[in-house]
Amino acid sequence: MVFKRLLGAMGAGGPSVDTVLDGGAVAPGGILSGQVHLQGGSADVEIEHIGLELIARVEAEYEDGESEGAVVFERFTVGGGFRLAEQERHSVPFSVSLPWETPVSELYGQPLGIVLGVRTELAVAGARDKGDLDPLAVRPLPVQEAVLEALGQLGFGFKSADLEHGHIGGTGQQLPFYQEIELTPAPQYAHVVNEIELTFLATPAGMEIVLEADKRGGLFESGQDALTRFTVSHHAVGARDWNSEVDGWIRQLVEHRASYGSHATYGHADPYAAGSGYGHHSAHGSGHASDHESGHGSGHEGHRSGPGLGTAVAAGAAGLAVGVVGGLVAAEVVDEVGDFFEGDDDEGGEED
């Protein structure tokens, strides 16, 4: 057990903290549990507040470039209101629910290059110090895994995954950012699509699945983006032929070529109602910058996303086979969390 002494606002000799998360990845909307271990310093202190912050590394794109920052996307109070004696050891158990839109950071146990962390904040005698930082591993929900598995079996491959600051218009998105998973096209679609971008927006009732296609331009036409959305209930996982369903989504996405400037709403009366298979909205052309209200300038024009931290996911005959490029291993992801968030207490881009 490694305690981090809080030296900032509390000075030398203050209490130490070590937050230990229970083992295993947690699904979006699931329970994150663990314990905050405290060790007293050189004097008795009043522990006024123990808080946890969920933090993500998020990219923001603009007309003249892009930037990255740490965004706090949830806060919890897990303890406080007690006295910690000199050199005393004290543990505070906690159990909190992750937001449903928490990004997926791993697939089949392998990291995707999404950097998430849990940071512990301790308040003593009116002073607050952001202390211990731990990596957060999030696995996909059954619906997410079913869709990804189907894409792999259809021949799509993962190119990269990142978190984009902004809002996808017309959706029920709650967080100030969304996860974007870039896929290389399956052979049967390679002649019409450069890549497909996938976003999951989970709720307690089900899942919004947003698909965007970067279409190839022909000899006499320019390429354009198409965007469409589908909704699926969590209870539908075992009752579908996911390969056929997802292939139908992709076909609809690439075959529709709505006119420029078409911005019909994504309205659904009750997409998760019993008996409802899924709702969908026909794809629309490029110029959907207003649907990504994130200050990105011209939407996705000129959008570039590399392989993130070097993780690539390739499609295999048995589904999505995860391949880690450049020697990236779980330990390096842990280092990346600390390296990125260390000294970034102002949370650039943070939504309070």
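Position 1 is the first residue of the sequence; numbering continues from there.
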Results of side-chain contact (heavy atoms from CB on, under 4.5 Å) for V45 - residues two or more places apart only
P15, I47, L84, V124
Residues passing the ring pair (Phe, Tyr, Trp, His ring centres under 6.0 Å) test with H90, sequence neighbours excluded, are F82
Listed by chain and number, what are the side-chain hydrogen bond (donor to acceptor under 3.5 Å, both in side chains) partners of D44, not counting sequence neighbours?
none
Only one of L175, V72, L98 passes side-chain contact (heavy atoms from CB on, under 4.5 Å) with L54; say which it is.
L98
Between Q252, R251, E245, which is the residue that forms a side-chain contact (heavy atoms from CB on, under 4.5 Å) with W249?
E245
The ring pair (Phe, Tyr, Trp, His ring centres under 6.0 Å) partners of W242 (sequence neighbours excluded) come to none
Output all residues satisfying side-chain contact (heavy atoms from CB on, under 4.5 Å) with S91, sequence neighbours left out; order by chain, then residue number.
Q35, H37
Could you pull out all residues at least two apart from F177 that satisfy ring pair (Phe, Tyr, Trp, His ring centres under 6.0 Å)?
F73
Any chance you could measure I168, atom CD1, to E212, atom CD, to the nearest 0.5 Å?
8.5 Å
Just to verify, what does H235 make a side-chain contact (heavy atoms from CB on, under 4.5 Å) with, not counting sequence neighbours?
S233
For E101, enumerate each residue passing the salt bridge (Lys or Arg N to Asp or Glu O under 4.0 Å) test, keeping only those at least two apart in sequence or located in another chain.
none
Between CZ on residue F76 and CG on residue L32, distance to nearest 0.5 Å:
7.5 Å
Does E86 have any salt bridge (Lys or Arg N to Asp or Glu O under 4.0 Å) partners at least two apart in sequence or in another chain, and if so, which?
none
By side-chain hydrogen bond (donor to acceptor under 3.5 Å, both in side chains), E46 pairs with (sequence neighbours left out) R83
Contacts of S33 that satisfy side-chain hydrogen bond (donor to acceptor under 3.5 Å, both in side chains) - sequence neighbours left out
D22
Going by the rule side-chain hydrogen bond (donor to acceptor under 3.5 Å, both in side chains), which residues pair with D64 if we only count those two or more places apart in sequence or in a different chain?
none
